[in-house]
Number of protein chains: 2
Amino acid sequence: MIERIQNLLRANGIKPSHHRIKVYQYLIEKRNHPSVDMIYQELVRNIPTLSKTTVYNTLNLFLEKGIAVMITIDENETRYDADTSLHGHFRCNGCEEIYDLRLDTSALEWESLDEFEISESHLYFKGLCPRCH
Amino acid sequence: MIERIQNLLRANGIKPSHHRIKVYQYLIEKRNHPSVDMIYQELVRNIPTLSKTTVYNTLNLFLEKGIAVMITIDENETRYDADTSLHGHFRCNGCEEIYDLRLDTSALEWESLDEFEISESHLYFKGLCPRCH
DNA sequence: CATAAAATTAGAATGATTACAAAAATGAAA
DNA sequence: TTTCATTTTTGTAATCATTCTAATTTTATG
């Protein structure tokens, strides 16, 4: 597992330090679209010297190298996702859970965007999830 | 014009004060998806006593009453739009312009969302616009 | 005019994020 | 192993958008 992460990081031009591996592992194991603080609070339990700045630095590096994406579904905290494939999100206003929305990518090939060069696509909804509805 | 705005505000349960009318007028005339600061800088030229807090209060009231929506396409500043119809946005990484994307709303009726009650939909892209491309 | 309610203001507080410079860890060469 | 340069990490301070709060001004009403 760790080794697979190391290879993935290296393949994307990221030196696989212990902290970086742990942050990436958190993202792919929890799949919970965490904020910086959520990652920090979890990891600091095992890495007492961890600095929140390191989590910021690491995530910004992941974004830059394209192995994670930023989600702006929460107005005051950035969320992160290691699933960089084209998909949407749903944030429940009741339980605050963020769901992944697998979607027919053909629906996202818009007509009038011919001349536009798209580098990022963001799609999300808010409302109530089945459990809270 | 002013009168039409007054009626619209009143119809949505908002007392049409001078400041509120001006903020709303800015939104519908400029159609530029402004930040709070952009609105403030423009209006303060004619209303020297204007406070930025008032712009914040006013926009939050508009959101609450449903006559404007928040756009999170800019990572560090919230943008606003008085067009509350379902449409997307495109932010050019070159000129920073935010374009409206009229889109086939049928494409946004996703399959697996049956049990979810949607109250907000957000769709945006980033990249290069035709001029900057 | 008087008075209560609502709107506006200014400044302080909050909180997420970034900047920065020092300290620690890493890795290669001798 | 030791040295030395490079990279990573750290802690603190700075930044900046937004909200809070309490005072002031404006508005509407009797």
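Computed from a predicted model, the values in this text were never measured in an experiment. Each chain gets a letter, A, B and so on, in the order its sequence line appears, and its residues count up from 1.
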Q) Out of curiosity, Glu120(B) CD to Tyr124(A) OH, how far, rounded to the nearest 0.5 Å? A) 7.5 Å
Q: To the nearest 0.5 Å, tell me how far Lys22(B) NZ sits from Asn46(B) CG.
A: 7.0 Å
Q: Would you tell me whether His33(B) and Asp74(B) have side-chain atoms, one donor and one acceptor, within less than 3.5 Å of each other?
A: no
Q) In terms of side-chain heavy atoms, does Arg102(A) have a donor or acceptor partner in Ser85(A) at a distance below 3.5 Å? A) yes
Flag the pair [X] / [Y] as yes when at least one side-chain heavy-atom distance between them is below 4.5 Å, and no otherwise.
X        : Y         : answer
Asn32(B) : Ile98(B)  : no
His89(A) : Leu101(A) : no
Met38(B) : Glu42(B)  : no
Ile28(A) : Met1(A)   : yes
Pro34(B) : Leu27(B)  : yes

(Q) By the definition side chain to side chain contact (heavy atoms under 4.5 Å, CB included), identify the one residue from Val36(B), Val23(B), Ile71(B) that meets it with Tyr80(B). (A) Val36(B)
Q: Under 4.0 Å from any atom of DNA chain D, heavy atoms only: list the residues of residues 53-61 of chain B that qualify, in numerical order.
A: Thr53(B), Tyr56(B), Asn60(B)
Q: Name every residue in residues 20-51 of chain A that has at least one heavy atom under 4.0 Å from any atom of DNA chain D, in order of residue number, or write none if there are no such residues.
A: Arg20(A), Thr49(A), Leu50(A), Ser51(A)
Q. Can you give the first and last nucleotides of DNA chain C, 5' to 3', that have an atom under 4.0 Å from a heavy atom of chain B?
A. dA6(C) to dG11(C)
If I take atom [atom1] in residue [X] and atom [atom2] in nucleotide [N], what distance separates them, rounded to the nearest angstrom?
X        : N       : atom1 : atom2 : result
Lys52(A) : dT10(D) : NZ    : C1'   : 14 Å
Ile71(B) : dA17(D) : CD1   : P     : 18 Å
Leu9(A)  : dT8(D)  : CG    : P     : 12 Å

**Q.** Residues forming a side chain to side chain contact (heavy atoms under 4.5 Å, CB included) with Asn12(B), sequence neighbours excluded
**A.** Leu8(B), Ile67(B)
Q. Which parts of nucleotides 22-30 of chain D does protein reach within less than 4.0 Å, heavy atoms only, written one letter per nucleotide 5' to 3' as B for base, S for sugar-phosphate only and - for none?
A. ---------
Q: Select from Asn76(A) and His19(B) the residue whose nearest nucleotide in DNA chain C is closer to the 5' end of that strand.
A: His19(B)
Q: Can you run down the ring-ring contact (aromatic ring centres under 6.0 Å, His included) pairs that involve residues 43-77 of chain A, sequence neighbours left out, and say none if there aren't any?
A: Tyr24(A)-Phe62(A)
Q | Worked verdict on Glu75(B) versus Arg91(B) for salt bridge (charged side-chain N to carboxylate O under 4.0 Å, His left out) | A | CA-CA 11 Å; Glu75(B) 282 124 37; Arg91(B) 215 282 304 278; 5.4 Å; no
